[in-house]
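Side chains are part of it too, since the values below use all heavy atoms of this structure and drop only hydrogens, waters and symmetry mates. All ligand and atom numbering here is 1-based and tracks the order in the structure.
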Amino acid sequence: MTEILKIDPLYPDPKMIQKAAQIIRTGGLVAFPTETVYGLGANAFNSQAVQRIFLAKGRPANDPLIVHIQNKTWLDQVIIAQSPQAELLVNRFWPGPLTLIFPRKPDIPLNVTAGGEHVAVRAPSHPVAQALLAASGLPIAAPSANRFGHTSPTQASHVLDDLSGRIDLVLDGGECPIGLESTVLDLTQDPPVILRPGGITREEIERVIGSVRLAAKNKIGTGQESMPSPGLLDRHYSPHSTLILIENTTGNREIAIKKILEQISQTRKEEQKSVGILTVDEETHHFESFLQLEVISLGSLNDLQEIGRNLFAGMRTLEQAGVEVILTTDFGEHGLGLAIRDRLRRAASHIIQV
Ligand code: TXA
Ligand code: MG
């Protein structure tokens with residue numbers, strides 16, 4: 001049985017937090033909101049508890065977990081060394097959606113790091129995550145709280161859809177304010193490498209530590225190079241519907257929309273499949289004349305934060321509506337555009353560049 005506690009996201013009830021912390025301390029699994037997506041947490045020092053995460057998610061053992069800590073003063077519990085660059089980034093962006101890779105302290109069990117000598121660490125800013133860390137007094141290993149391969153959860157209902165009956169408790173703190181996972185930055189390489197673009201943008205990072213590289217996968221126009229991190233698998237964020245991404249390489253929205261309109265007819269007429277569209281406020285009018293077309297706006301074209309916040313929920317809504325094919329475009333590579341494109345690429349079974 002999975003218990004659900006509705007909790008105030010800004011002023012979490014200490015009794016509910018104590019209950020959740022007790023589950024963490026005794027080796028159980030708690031799903032909790034972070035500012036990015038819901039995490040599925042377990043005591044990071046307890047390899048059996050960590051093993052339960054892999055089982056609940058159906059996650060392969062070669063995909064390492066992020067260890068969550070309350071703040072930088074906890075770092076020496078989980079890592080053995082930090083660089084001056086790490087210190088600058090931690091001071092600037094923690095607590096927040098930035099995950100850094102460090103040499104692992106032996107206290108961190110090897111199933112957390114998938115057998116590797118490096119551990120990914122972040123301090124989440126969400127008040128519920130902060131309160132849970134403080135009350136449990138333990139670093140919490142937490143991947144996104146979805147079944148492996150499915151879209152990350154940004155609402156408690158998403159967690160329950162995937163994991164009900166498989167975990168002990170869900171703290172329902174409403175919608176996650178960022179809605180895209182943290183940026184994963186590998187500082188053990190020089191120059192540092194963004195393994196996964198996310199809530200903290202490349203530009204923000206470069207203002208603090210200078211140039212960073214992008215893992216090959218995230219560069220536009222590249223093929224399917226082998227992944228430096230096993231978690232950076234293709235199709236990592238797939239909705240159950242087939243997603244076709246019209247990748248907008250020129251920034252010309254008209255060309256992308258024209259391609260989507262073409263694909264709508266082709267998919268419906270030739271393949272006889274139902275279609276859903278993920279679009280933006282400024283472009284919904286292009287799709288108004290179609291009958292039986294599910295159209296979801298992710299927000300305004302001028303507000304990438306809004307688009308990012310609504311992206312995963314939009315995919316899940318179309319999937320639940322039973323749509324067979326989802327058509328969408330990306331929104332450039334500046335700021336959060338990079339993370340949005342990355343998630344769309346991973347979700348896509350087919351990418352058409354225009
Ligand atoms: O925003 C987030 O990061 C959320 C919330 C819950 O904190 N967590 C999350 O965890 O997205 P997960 O497990 O779904 O994604 C973690 C990513 C994976 O791509 C994994 O491969 C990578 O981080 N990662 C974890 N440990 C690593 C390591 N030691 N070296 C390289 N990559 C690592
Ligand atoms: Mg995940």
Taking N or O atoms only and a 3.5 Å limit, does [X] qualify as a polar contact for ligand 1?
{"X": "Thr34", "value": "no"}
{"X": "Lys57", "value": "no"}
{"X": "Arg196", "value": "yes"}
{"X": "Asp63", "value": "yes"}
{"X": "His68", "value": "yes"}
{"X": "Thr99", "value": "no"}

Side chain, backbone, both or neither: the part of Arg104 lying under 4.0 Å from ligand 1 by heavy atom =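 Under 4.0 Å from ligand 1, Arg104 contributes no heavy atoms.
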Please state which part of Leu195 comes within less than 4.0 Å of ligand 1, counting heavy atoms only: side chain, backbone, both or neither.
->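 Side chain only; the backbone of Leu195 stays clear of ligand 1.
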Tyr38 side chain vs Gly173 backbone, donor-acceptor pair below 3.5 Å =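 Side chain of Tyr38 to backbone of Gly173, a donor-acceptor pair under 3.5 Å: yes, one is there.
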Report yes or no: does Lys105 contribute a side-chain atom to a donor-acceptor pair with the main-chain N or O of Leu75 at less than 3.5 Å?
->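 Pair absent, no side-chain N/O of Lys105 close to backbone of Leu75.
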Counting each atom of ligand 1 from 1 as listed, which ones have a heavy atom of [X] under 4.0 Å away?
{"X": "Glu181", "answer": "1 (O), 2 (C), 11 (O)"}
{"X": "Gly39", "answer": "6 (C)"}
{"X": "His118", "answer": "29 (N)"}
{"X": "Arg59", "answer": "12 (P), 13 (O), 14 (O)"}
{"X": "Ile66", "answer": "3 (O), 8 (N), 9 (C), 10 (O), 16 (C)"}
{"X": "Val184", "answer": "23 (O)"}
{"X": "Thr36", "answer": "1 (O), 2 (C), 4 (C), 5 (C)"}
{"X": "Ala120", "answer": "25 (C), 26 (N), 27 (C), 29 (N)"}

So, is Ser152 placed with an N/O/S atom under 2.8 Å from the Mg ion (ligand 2), counting both backbone and side chain?
->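 Checking the Mg ion (ligand 2) against Ser152, no N, O or S atom falls under 2.8 Å.
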Return the orientation label for the His240 and His150 ring planes: parallel under 30°, perpendicular over 60°, tilted otherwise.
->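 Parallel.
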Ignoring hydrogens and angles, state whether a donor on the side chain of Thr36 or Ser182 is under 3.5 Å from an acceptor on the partner side chain.
->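 Per modelled atom types, Thr36 and Ser182 side chains form no pair under 3.5 Å.
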Examine the side chains of Ser152 and Glu181 and answer whether a donor and an acceptor come within less than 3.5 Å of each other.
->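 Short answer, yes.
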Pairwise salt bridge (charged side-chain N to carboxylate O under 4.0 Å, His left out) hits with a residue in residues 113-124, at least two apart |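 Counting only pairs at least two positions apart or across chains, the salt bridge (charged side-chain N to carboxylate O under 4.0 Å, His left out) contacts touching residues 113-124 are Glu35-Arg122, Arg104-Glu117.
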Pairs touching residues 162-179 that satisfy salt bridge (charged side-chain N to carboxylate O under 4.0 Å, His left out), sequence neighbours left out |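 Counting only pairs at least two positions apart or across chains, the salt bridge (charged side-chain N to carboxylate O under 4.0 Å, His left out) contacts touching residues 162-179 are Lys6-Asp172, Arg52-Asp168, Asp162-Arg316.
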Answer yes or no: is there an ion pair linking [X] with [Y], defined by an N-O contact shorter than 4.0 Å?
{"X": "Lys259", "Y": "Glu262", "value": "yes"}
{"X": "Glu333", "Y": "Arg202", "value": "no"}
{"X": "Lys19", "Y": "Glu3", "value": "yes"}

Please determine which of Ile257, Ile255, Thr329 meets the side chain to side chain contact (heavy atoms under 4.5 Å, CB included) test together with Val354.
->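 Testing each of Ile257, Ile255, Thr329 against Val354, the sole residue satisfying side chain to side chain contact (heavy atoms under 4.5 Å, CB included) is Ile255.
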